[in-house]
Amino acid sequence: MIATLVIAALALQNEELAQAAKKATEMESYSFKVDVKAGKGKKGAPSYEGKYQKDQPIALKTGTTEGFKKGAVVVAKEGEEYKKVEKPKKGAKKDASPALAFYDVKLPHELLEGLEKSFEKVEKAAEKDKDCTVWSGPLTAEGSRAVASTGAKGEAKANLTYTGTAKVWINAQGAIVRYEASVDVKGDSAKGEINQHVTKTIEITEIGSTKVEVPEAAKKALEGQA
């Protein structure tokens with residue numbers, strides 16, 4: 001009887017988290033920050049921030065580099081101008097522009113889709129944090145890999161294990177406003193032994209009120225008129 005009640009309670013919490021994750025995928029505008037830190041032994045994906053508004057170009061920033069992404073086109077600001085960021089051709093010398101990272105950016109509503117499936121189990125904290133309900137628990141191997149993987153060439157063939165935990169903050173409106181994951185990566189690769197700690201934090205603000213303002217110069221560059 002007790003075991004049945006525990007299973008039912010965990011299923012209910014998973015359902016609550018699933019509803020919040022679904023709501024995240026339906027957001028039409030928000031501001032965000034995605035921060036990634038990697039420990040010794042492996043370069044982490046770049047941290048970035050920006051603004052999202054449905055049917056508008058995505059405003060992005062990493063370090064001091066600013067730009068916009070619309071479909072498969074990325075433009076970056078150079079002085080007062082915006083220029084298209086070209087992907088280097090195979091075999092060509094790679095452009096060191098940080099804006100190249102904008103091509104691979106995943107937005108928070110994409111990162112949080114199906115979030116409940118990334119947990120082995122999840123529990124609700126007894127107390128709220130800044131008016132938010134907090135869920136936490138261990139991640140599945142696949143959920144951990146999604147946090148720490150960079151998609152680098154050869155990574156898939158490496159003999160690596162991923163283990164981690166995560167927390168999710170949900171506000172009174174049922175929206176996810178913060179996600180923190182902590183993952184350890186261990187194993188062997190073509191370059192030697194790997195023992196790395198990776199953290200990822202996603203912050204979401206101004207849900208429903210964010211407006212993306214695109215300068216005329218950026219519009220022209222995105223449309224190939226610059």
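No donor-acceptor distance shorter than 3.5 angstrom exists from the side chain of T210 to the backbone of K51, with no hydrogens or angles considered. With E203 contributing its side chain and K33 its backbone, the two residues share no donor-acceptor pair below 3.5 Å. Here the side chain of T62 pairs no donor or acceptor atom with the backbone of T65 at under 3.5 angstrom.
More than 12 non-hydrogen atoms from other residues, nucleotides or ligands lie less than 6.0 angstrom from CD of E120. More than 12 heavy atoms of other residues, nucleotides or ligands lie within 6.0 Å of CD in E49, so this atom counts as buried by the packing criterion.
Going from atom NZ of K186 over to atom CG of L160 covers 12.5 Å, rounded to the nearest 0.5 Å. Between E206 atom CD and Y52 atom OH the span is 15.5 Å, to the nearest 0.5 Å. Here the OG1-CH2 distance, from T133 to W169, works out to 12.0 Å after rounding to the nearest 0.5 Å. With values rounded to the nearest 0.5 angstrom, F32 atom CZ is found 9.5 Å from I204 atom CD1. K121 contributes atom NZ, which lies 13.0 Å from atom CG of L139 (distance to the nearest 0.5 angstrom). Put simply, NE2 on H197 and OG on S182 are 3.0 Å apart, with the number rounded to the nearest 0.5 Å.
Between K69 and L60, the closest heavy-atom pair is CB-CD1, 4.0 Å. Shown here for A72 and Y103, the closest heavy-atom pair between the two residues is O-CE2, 3.4 Å. Closest non-hydrogen pair, E142 versus R145, comes out as OE2-NH2, 3.0 Å. Between S29 and S209, the closest heavy-atom pair is OG-N, 3.5 Å. Between Q196 and A38 the shortest heavy-atom distance is NE2-CB, 3.0 Å. For the residue pair V212 and A59, the shortest heavy atom distance occurs at CG1-CB, 4.3 Å.
Ring geometry for H109 against Y30 counts as perpendicular: the plane angle is over 60°, on a 0 to 90° scale with 30° as the lower cut.
Taking the side-chain contact (heavy atoms from CB on, under 4.5 Å) definition, one finds that S136 meets it with K167, sequence neighbours left out.
Salt-bridge annotation for R178 and E180: present, with a side-chain N of the basic residue lying under 4.0 Å from a carboxylate O of the acidic one.
Between the side chains of T163 and D184, not a single donor N or O lies within less than 3.5 Å of an accepting N or O.
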Got a list of side-chain donor-acceptor pairs under 3.5 Å for residues 20-28, not counting sequence neighbours?
residue : atom : partner : partner atom : Å
K22     : NZ   : E26     : OE2          : 2.5
K23     : NZ   : Q173    : O            : 2.2
T25     : OG1  : K22     : O            : 2.6

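Tested against Y179, the residues I170, T201, L115 include a single side-chain contact (heavy atoms from CB on, under 4.5 Å) partner, L115.
Annotation: side chain of V85 is not in contact with side chain of F102 (no heavy-atom distance under 4.5 Å). Considering only heavy atoms from C-beta on, E110 stays 4.5 Å or farther from E113 through its side chain.
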